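A quick note: this is a predicted structure, and the numbers were derived from the prediction, not measured. Below, each value reflects all heavy atoms present in this structure, side chains not excepted, and no hydrogens, waters or symmetry copies.
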Amino acid sequence: MCGIHAAISADADCHKPSPGLEQRLRNRGPDHLGVVEVPLRQDGESSLCLTLTSTVLSLRGGHLAKQPLRDAESGSVLCWNGEAWKLGGKPVEGNDGEAVLSLLTAASGELGDEDSVLHALRSIEGPFAFIFLDKSAKRLFYGRDRLGRRSLLLKRGDEFLLSSVAEAPAKGWAEVEADGCYTIQLGEASSPMDLMPTRHDWDQNKSLVSSIGAFNATVPAAVTPPLTGQSPSVEHLRGHLTESLRPRVLNVPTPPMAETSDARVAVLFSGGLDCTVLARIASDIMPSGQAIDLINVAFENPRIASQNTKLSTAELCELCPDRVTGRRSFAELSAVCPDRPWRFVTAPQVNVPYEETRAHRAELIDLMYPHNTEMDLSIACALYFAARGQGMGQVDSRPDAEPYSTTARVLLSGLGADELFGGYVRHATAFTRSGYPGLVDELKLDVGRLGKRNLGRDDRVMAHWGREVRFPYLDEDLVRWAIELPAWEKCDFDNQGAGCDFDPEKRVLRLLADRLGIRSVAAEKKRAIQFGARTAKMESGRVKGTTLILA
Ligand SMILES: Nc1ncnc2c1ncn2[C@@H]1O[C@H](COP(=O)(O)OP(=O)(O)OP(=O)(O)O)[C@@H](O)[C@H]1O
Ligand SMILES: NC(=O)CC[C@H](N)C(=O)O
């Protein structure tokens, strides 16, 4: 992941991030830090200065594209935290940040055409947060992609600030909504307080879900035939997942200090359905001989420990639901893809007790800010230690685990599958109460808020370790296909119980897992990360997820 930052200040001295914030930005982008200062207005009485800072985690194009990226001719500048997989429907070759800068400067042209730049920004597919100075038009563009897969925060006061992450103590920052692209006209203001951002929709068509596709709310006229392994949607899903994974796992550069056969890609691995299907298809696509790490987090939960005083920390972790499922799915993947070097990484390190988890609490609270509830903290904690990637590594041919830190700088997450394919208990409940009309309403609600609510938080806690999380289920093409698919081709509540091999929730994905030979995974129940890894209710069983954190 990269770190991006912009400060618009009122005096001629440009304002760089504080040393603490600079360190946080460097954690996200360890390969390079660059600063560009642009005086904006000097009319004798007042002056504005824009300082743009970027840190880079270099992953595309075979070279380090130093940021902020500058167009020599126009003087325009881009801070880019993202992966543009496609521009205008065409795959991006080379470095994506450089390709985006060329696209934007060409669109702006000599007259600084705002609409053309917005049109170019709308043509980007992939996760991103960005800040772009169109120098000749004295216009600043900023925003997050339509699913909000990358973080961007805003703080207003004496200065106008944008940043991937907040400085400590994190107060006064708000998330930039992923509801469009924002512009500021810089030439007209004499103080940062006067700056007035304008929002531009990602899509003019308001009926689209997440500005991506039209939700299929069709309700069947009669009982639907069962979904089977031969149903077209199963093969279509396989095709979409394969196409989504290809750019996300291929051409990842060898990480610094690593051998070519070392892992470049790791899966955040609960052993559940969504992430194991990703690992299985990634193995079909990736070059043979390249290792894939499977990172599984499980925690010593003091509440559970107090009920099992004879067990060691390591034994308590082994009892966590996700550790049990993770080991089983690791064994199944190893059996089905025996030539792939898989490594099961148990994190945090064995014998690291609850105190170590607690030692990171203040940092975590700052990183996830402005999210601030107990539930945010329990999810963020599991993701933070998973993305750190440190623990014990076990290669299937050698049963003994050894201390290991993943070499992978690209992490895959299975997030999004439950919303797209109806994986939550809520979906079953809605069907029981009101049949397909109720289920369709519930699914529509979920896809409408896909990503937006939590992805900024997750980005901030995981990018902290100089790694980048990619979400194959949140690929625009896959999302569009899934939301245009009728509900009964995703989950299959008309046909459940005796005679059905798999649960109705996310049945299309279960049937795909079955076809891919990972049969026990196909039957896995949904389990939220904070319960599977036992980071929820660490101190008291009575604390509510919605309770605000006391720092
Ligand atoms: N214990 C864990 N260790 C490592 N990564 C995890 C763990 N639990 C969840 N994850 C990662 O976070 C993603 C989203 O978590 P979520 O709680 O939504 O699980 P899920 O939707 O049930 O997915 P899955 O079926 O893959 O477990 C998972 O797909 C996986 O990539
Ligand atoms: N990881 C990032 O966001 C960096 C930007 C760009 N994708 C690069 O690899 O240079």
Side-chain angles (χ1 to χ4, degrees), residues 149 266-279 293-301 303-304 316-330 344-348 352 354 357 360-361 364-365 367-368 371 373-391 406 411-421 423-426 446 449-451 453-465 467 469-474 505-506 509 521 524-538 541 543-546 549:
R149 287 164 285 186
V267 181
L268 299 176
F269 192 69
S270 61
L273 175 66
D274 312 341
C275 60
T276 311
V277 167
L278 293 182
D293 286 348
L294 305 170
I295 302 174
N296 178 271
V297 281
F299 289 79
E300 180 190 64
N301 181 314
R303 223 169 31 85
I304 311 261
L316 284 163
C317 290
E318 284 302 307
L319 287 180
C320 283
D322 279 1
R323 181 58 50 80
V324 176
T325 316
R327 286 201 182 281
R328 192 167 57 229
S329 300
F330 166 52
F344 188 65
V345 184
T346 57
V352 173
Y354 174 59
T357 316
H360 290 256
R361 186 181 146 98
L364 257 169
I365 291 174
L367 286 173
M368 69 182 201
H371 288 253
T373 66
E374 286 289 341
M375 187 165 78
D376 288 315
L377 186 59
S378 60
I379 296 171
C381 178
L383 294 174
Y384 173 87
F385 282 100
R388 184 169 75 161
Q390 273 174 29
T406 187
L411 308 174
L412 300 180
S413 161
L415 192 125
D418 291 302
E419 289 81 356
L420 291 175
F421 302 112
Y424 290 115
V425 174
R426 275 183 292 109
D446 274 326
R449 58 190 182 198
L450 244 188
R453 286 193 310 173
N454 300 325
L455 287 178
R457 172 199 69 196
D458 298 353
D459 170 299
R460 291 190 292 282
V461 298
M462 291 196 277
H464 181 72
W465 301 108
R467 304 188 208 279
V469 187
R470 297 180 175 175
F471 302 96
Y473 290 100
L474 297 184
E505 293 91 357
K506 294 187 282 198
L509 196 57
V521 169
E524 273 305 330
K525 295 265 180 226
K526 156 86 195 157
R527 197 185 296 119
I529 187 166
Q530 67 274 30
F531 299 112
R534 290 201 170 142
T535 47
K537 303 184 190 296
M538 281 235 178
V543 72
K544 289 213 176 82
T546 48
I549 303 279

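- Within the 3.5 Å criterion, the main-chain N or O of Gly456 finds a donor-acceptor partner in the side chain of Arg460.
- Residues forming a salt bridge (charged side-chain N to carboxylate O under 4.0 Å, His left out) with Arg426 (at least two apart in sequence, or on another chain): Glu442, Asp446.
- Here the straight-line distance linking atom CZ of Arg328 with atom CD of Glu524 works out to 5.0 Å at 0.5 Å rounding.
- Taking the side-chain hydrogen bond (donor to acceptor under 3.5 Å, both in side chains) definition, one finds that Ser329 meets it with nothing, sequence neighbours left out.
- Val469 pairs with exactly one of Leu383, Leu455, Leu412, Leu411 by the side-chain contact (heavy atoms from CB on, under 4.5 Å) rule, that one being Leu411.
- Although no hydrogens or angles enter the test, the distance criterion places a donor-acceptor pair under 3.5 Å between the side chain of Arg149 and the main chain of Leu474.
- The two residues Lys506 and Gly423 come nearest to each other via the heavy atoms CG-CA, 3.5 Å.
- One N or O on the side chain of Trp465 and one on the backbone of Tyr384 form a donor-acceptor pair closer than 3.5 Å.
- Shortest non-hydrogen contact noted between Asn296 and Arg323 is OD1-NE, 2.6 Å.
- Residues forming a side-chain hydrogen bond (donor to acceptor under 3.5 Å, both in side chains) with Arg467 (at least two apart in sequence, or on another chain): none.
- In terms of heavy atoms, Ala386 sits closest to Ile295 at O-CG2, 3.5 Å.
- Side chains of Asp322 and Thr325: no donor on one and acceptor on the other come within 3.5 Å.
- Panel note: side chain Thr276, backbone Leu273; no donor-acceptor pair is recorded below 3.5 Å.
- In this view, Phe299 and Phe385 satisfy the ring-ring contact (aromatic ring centres under 6.0 Å, His included) rule, not counting sequence neighbours.
- With no hydrogens or angles considered, no side-chain donor-acceptor pair links Tyr473 and Glu419 at under 3.5 Å.
- Between Glu300 and Cys317, the shortest heavy-atom contact is N-SG, 3.9 Å.
- Considering only residues two or more places apart in sequence or on other chains, Gln390 meets the side-chain hydrogen bond (donor to acceptor under 3.5 Å, both in side chains) condition with none of them.
- With rounding to the nearest 0.5 Å, the separation of CG in Asp376 from CD1 in Ile549 is 7.5 Å.
- We find that Arg327 and Glu318 are joined by a salt bridge, their nearest charged nitrogen and carboxylate oxygen being less than 4.0 Å apart.
- Annotation for Thr535 and Ser378: closest pair OG1-O, 2.7 Å, computed over non-hydrogen atoms.
- Shown here are the ring-ring contact (aromatic ring centres under 6.0 Å, His included) partners of Phe471, two or more places apart in sequence or in another chain: there are none.
- With a 4.5 Å cut-off on side-chain heavy atoms, Arg534 and Pro321 count as touching.
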